[in-house]
Participant: 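So that we are looking at the same thing, I have put the structure below in structure tokens.
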Amino acid sequence: EAGVTQFPSHSVIEKGQTVTLRCDPISGHDNLYWYRRVMGKEIKFLLHFVKESKQDESGMPNNRFLAERTGGTYSTLKVQPAELEDSGVYFCASSQGSWGLGYTFGSGTRLTVV
Amino acid sequence: AQSVTQLGSHVSVSEGALVLLRCNYSSSVPPYLFWYVQYPNQGLQLLLKYTSAATLVKGINGFEAEFKKSETSFHLTKPSAHMSDAAEYFCAVSESGGSYIPTFGRGTSLIVHP
């Protein structure tokens, strides 16, 4: 079974540019989550999709962040325009149903805004 | 509201020594608790979870954790450290019956000396 795939693995962009991160969940997993970790801090929840619908987006920092999940498959997270404080590691996770089983995480995208 | 405190951003042990990583949580309802591990350049991997069954939970790679309600703790232990255990460890809590989105701690880097 393929795991959760994220790309790019690293991205360095200038302040004001746009970046799009992609996450491919495990096939058949309806639940998809985005998290972010700023250097040395907690892993913070951004949002949760159930299939193509946003179930909870309470963690999205501001309207510069836009997440989509096309047809309930892969998801993208766009940051436009990027700011310095957006730097961090963005993780995607997916689960089949019961969250209690624990998520399967991707290896993350390290975003650096300079 | 729920929160997690991981004591010590870095823990250093010698190979063969006991590993103890501390996690204290706060939750207004009975919690579900998780430990995740992140090896370099990899995603977070679920080590073990507590979901209101046995209070002593055994996980992968010889790790275990004990849920202690009176101490609001869920410390992670391993009797004998191996060089391959060097990684970052994250404790997480979610609230049973409520918002299931887990809250993560800041992580503890385990350093294993030969």
Side-chain angles (χ1 to χ4, degrees), chain A residues 1-11 21-26 29-50 54-60 67 88-110, chain B residues 1-10 23-26 29-54 57 59-60 63 65 67 74 87-109:
Chain A
E1 176 183 77
V4 177
T5 305
Q6 292 186 247
F7 41 93
S9 57
H10 294 82
S11 180
L21 315 181
R22 174 167 168 152
C23 169
D24 286 57
I26 291 174
H29 280 193
D30 288 339
N31 296 277
L32 187 149
Y33 313 83
W34 283 98
Y35 286 82
R36 175 175 74 173
R37 188 186 188 205
V38 173
M39 179 74 75
K41 299 202 171 180
E42 303 91 346
I43 299 171
K44 289 202 168 181
F45 167 78
L46 296 178
L47 87 159
H48 169 213
F49 283 100
V50 177
K54 292 176 185 175
Q55 182 77 12
D56 182 349
E57 51 183 333
S58 61
M60 294 288 265
V89 181
Y90 290 76
F91 291 103
C92 175
S94 71
S95 67
Q96 185 170 15
S98 172
W99 54 269
L101 295 175
Y103 306 158
T104 301
F105 278 85
S107 57
T109 294
R110 182 174 296 279
Chain B
Q2 57 197 30
S3 66
V4 170
T5 301
Q6 290 185 242
L7 295 176
S9 59
H10 295 82
C23 172
N24 288 89
Y25 70 90
S26 172
V29 300
Y32 291 158
L33 295 155
F34 307 84
W35 275 100
Y36 283 86
V37 59
Q38 184 183 21
Y39 298 103
N41 300 316
Q42 295 186 28
L44 279 76
Q45 179 181 0
L46 181 65
L47 266 181
L48 49 80
K49 63 183 186 291
Y50 166 78
T51 55
S52 74
V57 181
I60 61 172
F63 284 94
F67 170 66
F74 191 59
E88 193 156 21
Y89 293 79
F90 295 90
C91 182
V93 61
S94 62
E95 294 183 342
S96 61
S99 170
Y100 55 86
I101 301 295
T103 297
F104 286 83
R106 293 194 171 201
T108 298
S109 290

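Reminder, nothing fancy here: chain letters follow the sequence lines and each chain counts from 1.
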Participant: Given 3.5 Å as the limit, does a donor-acceptor pair link the side chain of A/R37 with the main chain of B/R106, or not?
Facilitator: yes

Participant: I want to check something: taking the side chain as every heavy atom from C-beta on, are B/L44 and A/T104 in contact at a cut-off of under 4.5 Å?
Facilitator: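 When only atoms from C-beta onward are counted, A/T104 and B/L44 do not touch, as no gap falls below 4.5 Å.
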
Participant: Check the surroundings of atom NZ in A/K54: do more than 12 heavy atoms from other residues, nucleotides or ligands lie under 6.0 Å from it?
Facilitator: yes

Participant: When rounded to the nearest 0.5 angstrom, what distance separates SG in B/C91 from CD in A/E42?
Facilitator: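 B/C91 atom SG to A/E42 atom CD measures 12.5 Å (nearest 0.5 Å).
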
Participant: What part of B/F90 lies closer than 4.5 angstrom to a heavy atom of chain A: side chain, backbone, both or neither?
Facilitator: side chain

Participant: Could you check whether any side-chain heavy atom of A/Y35 comes within less than 4.5 Å of a side-chain heavy atom of B/P102, counting everything from C-beta outward?
Facilitator: yes

Participant: For residues B/F104 and A/F45, establish whether the separation of their ring centroids is below 6.0 Å.
Facilitator: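 Distance test on ring centres: not under 6.0 Å, no.
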
Participant: Select one option (side chain, backbone, both, neither) describing which atoms of B/Q38 are under 4.5 Å from chain A's heavy atoms.
Facilitator: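 B/Q38 touches chain A through side-chain heavy atoms alone.
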
Participant: Quick one: what part of B/E88 sits under 4.5 Å from any heavy atom of chain A, side chain, backbone, both or neither?
Facilitator: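 Just its side chain gets close to chain A.
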
Participant: So for atom CZ, which belongs to A/R110, do other residues, nucleotides or ligands contribute more than 12 heavy atoms lying within a distance under 6.0 Å?
Facilitator: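 No, not enclosed.
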
